[in-house]
Every structure is written in C-alpha cells, then in structure tokens.
Amino acid sequence: MPDPYQALLERIKVINKLRAVEELLEWDQLTHMPPKGVGARAEMKALLAALRHERQTSPEIGDLLEQSSADGDPVRATNIRETRRLYERAVKVPSELVKELARTASLGNDIWTRARADSDFRAFAPTLSKLLGLKRQEAEYIGYENEPYDALLDEFEPGATAEEIAGLFAELRGRLVPLVQAIAEARQRPDFSILKRHYPRAAQETMGRKFAEEMGFDFEAGRLDVSVHPFTISMSCDDVRMTTRYDEHYMPSAVFGVLHEAGHSLHEQGREPQHAFTPMGSYVSLGIQESQSRMWENQVGRSRPFWEHHYPWARELYPEALGNVGLDEFYAAINTVAPSLIRVEADELTYNLHIIVRFELERDLVSGRLEVADIPDAWNRKMTKLVGITPGNDAEGCLQDTHWSGGAFGYFPTYALGNLYAAQFFAAAREALGDLGASIRGGDLRPLNEWLRTHIHRHGMRYRAGELVRLVTGKPLSIEPFMTYVNAKFKPIYGLP
Ligand code: ZN
C-alpha cells in the first residue's frame with residue numbers, strides 16, 4: 001500500500017507551487033507590469049487563489065492527514081502538523097465568509113487609500129467596522145482558548161498569545177519610555193541633516209549590491225529590483241526577489257532598506273532545497289522572519305564595527321555628502337532617535353512604541369472594548385503618552401498603516417517581536433562566535449550568516465517561534481537582550497550615563 005504521507009506531501013507541494021506562481025505574479029505586478037495590466041492580473045490572481053483554496057480544503061487532504069504517520073521522523077511530523085493547522089483553519093471557516101472577507105478587504109484597501117489621502121477617518125470607519133465584524137466571526141469559527149485576538153494572531157505568529165505578548169510589551173514599554181525621554185532631553189545630539197544631502201542613485205545602487213553580496217545574498221538565486229514599497233518575495237530558496245527604493249536626498253532609505261530585505265532574503269535562501277514547497281521549507285512566523293531583517297539592518301548595519309570597515313569607501317562614493325563628515329558623526333546620524341508620527345520612519349527605539357500603540361488598540365477592538373468610532377481619539381492619546389508626540393490629523397495618525405484595511409489584525413506585534421528575537425539571537429551568535437565585532441570590522445559577514453543558517457534558517461517550520469528561541473539561545477524570549485543592546489548603543493551616542 002502506498003504511503004499516505006507521500007500522497008499528502010505531493011498534494012502539499014501542488015498547493016505551495018500554486019502559491020509560488022501567485023507570488024511571482026505579485027512580484028511582477030509590483031516591479032514590471034504596465035499599469036493597464038491590472039485588470040487581467042486581478043483575474044489571474046483570483047483564479048489561482050480559488051484553485052489553491054479548493055485544493056487546500058479538499059476532503060482528500062483531511063483523509064490523508066488522518067492516515068499519515070510521522071513514524072518518529074521530525075520532518076514528517078513538521079509537515080503533518082503544519083498541514084493540519086492550515087487545513088483546520090481553512091475548513092472551519094465557511095467559504096461564504098472567506099469570500100466576503102476577501103471582497104471587503106480589497107474594497108477596504110481602496111476606501112482606506114482615499115480616506116488617508118483626505119485624512120478623513122469617518123470615510124473609512126464603516127468599512128473598518130464591517131471588516132472587524134467579519135474578522136470576529138472568523139475568530140469564532142477558528143476557535144481560541146482565551147480571547148478572539150489569539151485566533152487572528154495565530155495566522156502570523158503561530159502559537160503566540162495576546163496575553164504573553166502583552167506581558168512582554170508592558171515590560172518593554174516600562175523600560176523604553178524613560179530611555180526615549182532621557183534621549184529627548186540629552187544635550188549631545190546627532191546631526192541628522194547630513195543624511196539628507198545629495199546621495200547619487202548610482203552610488204546607492206553600488207553600495208546596496210555590495211552589502212547584499214557581502215552578507216551572502218546569492219545573486220544567482222535572487223534579484224534586487226525597484227518598487228514603491230520595498231518587499232521580499234520568495235518562490236523557492238533558489239529564487240528570491242527583493243526590492244528597494246531610491247531617494248537621492250535621504251540616504252537611509254535604500255541602504256538600510258537593502259540590508260533589511262537582504263536579511264529576509266538570506267532567511268529564504270538559507271532553507272534546504274529538498275524541502276521546497278513544504279512546511280519544512282517555509283519560515284516559522286512573521287516575527288522570526290522579521291528578526292532576520294532587523295538584525296542585519298540594525299545590529300549589523302547600524303553598528304560601529306560595520307562602518308569602521310565601510311566608511312572610508314562610503315566617503316569615496318559620496319564625496320559631496322560625506323567629504324567633511326567624520327565616522328563618529330556619521331555613526332551618530334544613522335542612529336538618531338527622535339519621536340516621530342510615522343511608524344515606517346521611526347528609529348530603532350520608538351519603533352517598538354508605535355507597535356505597542358497598535359497592538360493595544362487592535363486587541364481592544366477585536367475584544368469589543370474599543371469602538372471603531374473612538375479609534376482616532378484613543379490613537380492620539382496613546383501616541384502622546386507613549387511616543388510623546390500627538391498627530392495633527394488622521395493621515396499622520398490612525399490612517400497611516402494599510403494593515404487593518406486588508407483585515408490584518410494581529411500582524412503588528414510581529415514587528416516588535418522581531419526586534420526582541422533579533423537581539424536575543426544576536427547575543428547568542430556573539431557568544432558562540434567569539435568576537436563577532438572583529439569579523440564585522442574586518443568586513444567578513446559570512447560567519448554570522450553561516451551561524452544563522454545552521455541554527456535558524458534550515459529548520460523551516462520545525463519549531464514554533466518560542467521553542468526555536470529557547471533552543472538557539474537557551475532561554476525563553478525576554479526583553480533583556482534588547483534592552484542591554486539599546487542601552488549599550490544609544491547611551492554613549494547621546495552622552496547619557
Ligand atoms: Zn521586514
């Protein structure tokens with residue numbers, strides 16, 4: 001009798017290949033597609049999504065799941081467990097609700113885009129209420145132990161709970177707010193304006209490409225292109241597409257953007273080819289995915305050792321902008337901390353406070369403790385209290401992010417979790433690799449990538465995020481490595497004791 005697991009695996013691969021085709025269409029749409037292609041593309045994508053959904057919820061998968069056995073093999077166990085998780089999520093939710101959600105989300109995105117342009121939350125509120133209602137229904141169908149938010153969070157950070165995240169965030173908030181305040185009052189201040197001088201695009205392209213290569217990004221198994229919003233999309237470990245954008249009068253955008261996306265890309269290229277199109281060949285969670293990008297962008301890319309090596313070259317590349325700027329001055333500028341209204345432009349410290357604001361609001365929205373109509377007020381109050389700055393209108397307040405307009409509740413916390421995971425992983429890497437600073441200072445980034453590949457990337461979905469952290473670092477996730485890192489880094493820059 002044929003092995004039911006092998007039959008299951010073949011079906012999983014078909015589903016994931018369909019997904020890869022959808023990804024490729026998405027990449028093309030965001031990088032190369034002519035504007036008029038949008039209608040045909042939407043039809044092609046809808047067809048593929050329907051085909052995939054049909055296969056994902058087919059009773060055959062349910063039967064094969066019942067008959068399949070892991071036989072003590074961790075790869076089989078992972079593939080069976082994750083397929084069951086997705087299958088159960090998919091079949092529990094009625095297809096009418098799935099369709100209604102998809103319709104409302106795509107409509108929602110359109111309405112949100114206009115509402116944001118007009119800075120008019122009231123124009124978006126009815127759609128958001130409807131979406132929220134549908135997501136609550138979805139959470140009820142999926143089921144949860146403590147609160148409906150957990151069922152939604154599970155889509156992005158499997159196994160995490162709101163309660164556990166709230167605990168971490170409360171500690172983080174308690175330690176970060178005073179630090180940000182002390183920095184705001186510090187007399188020693190970086191000169192941020194040097195990053196807004198003229199940085200020719202060609203030089204930025206050269207720099208981004210060189211950094212990605214040094215990190216270990218394989219250009220034979222990936223590409224770097226341009227898009228409005230940077231992203232990374234992966235078809236397999238041998239075909240990973242990342243993008244960036246260039247601003248000749250804002251240097252961090254492309255340079256740190258490429259480091260960030262290349263961090264995601266290494267995570268994708270680091271999986272084992274034999275697991276392609278299966279859960280073992282996928283990433284664990286968005287938080288773990290983000291930990292890889294943030295580590296390369298911040299722990300490495302905004303570190304002093306990294307620029308000790310690269311700064312002389314940077315000055316040659318941008319003589320006009322950096323000719324009269326010293327390394328210390330440049331290093332301080334790229335690590336400027338300043339409360340700001342827009343999350344995507346926030347520094348390493350206040351970024352987490354932006355996330356805490358969103359997490360607290362969306363948790364209250366899903367549980368019904370907060371009404372949609374009260375979002376702008378609640379948002380502005382929390383921003384004032386946590387970040388120390390009050391939005392002047394909804395566009396720079398509660399309408400700035402696209403996530404809720406597409407029904408993505410439970411996504412935001414993964415960004416801050418990513419920062420916490422990154423700090424804890426990086427501390428473990430430093431312990432394991434000895435003087436990691438020395439290798440970075442010497443321009444050798446390979447040891448870090450090798451370590452990440454061995455301890456994180458190649459495991460795919462084998463461990464839940466929490467388990468992976470314990471396995472790699474010997475401890476459960478905590479805010480301590482992050483706080484140690486930011487205190488050691490930012491206090492000297494701002495001349496704080
Ligand atoms: Zn990212």
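Quick caveat: nothing in here was measured; it's all calculated off a predicted structure. Numbers for residues simply follow the sequence, beginning at 1. In each ligand, atom 1 is the first atom listed, and ligand 1 is the first ligand listed.
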With Lys135 as the cation and Trp404 as the aromatic partner, state whether NZ or CZ is under 6.0 Å from the six-membered ring centre and within 45° of the axis.
no
Protein-derived N, O or S atoms sitting under 2.8 Å away from the Zn ion (ligand 1) total 3
Under 30°, 30 to 60°, or over 60°: which ring-plane class applies to Trp307 and Phe330, parallel, tilted or perpendicular?
perpendicular
Between His310 and Phe306, how do the two ring planes meet: parallel, tilted or perpendicular, split at 30° and 60°?
tilted
Who are the side chain to side chain donor-acceptor pair (under 3.5 Å) partners of Glu213, not counting sequence neighbours?
none
Using salt bridge (charged side-chain N to carboxylate O under 4.0 Å, His left out) as the criterion, list what pairs up with Glu272, not counting sequence neighbours.
none
Holding to salt bridge (charged side-chain N to carboxylate O under 4.0 Å, His left out), I want the full list of residues that pass it with Glu26, two or more places apart in sequence or in another chain.
Lys45
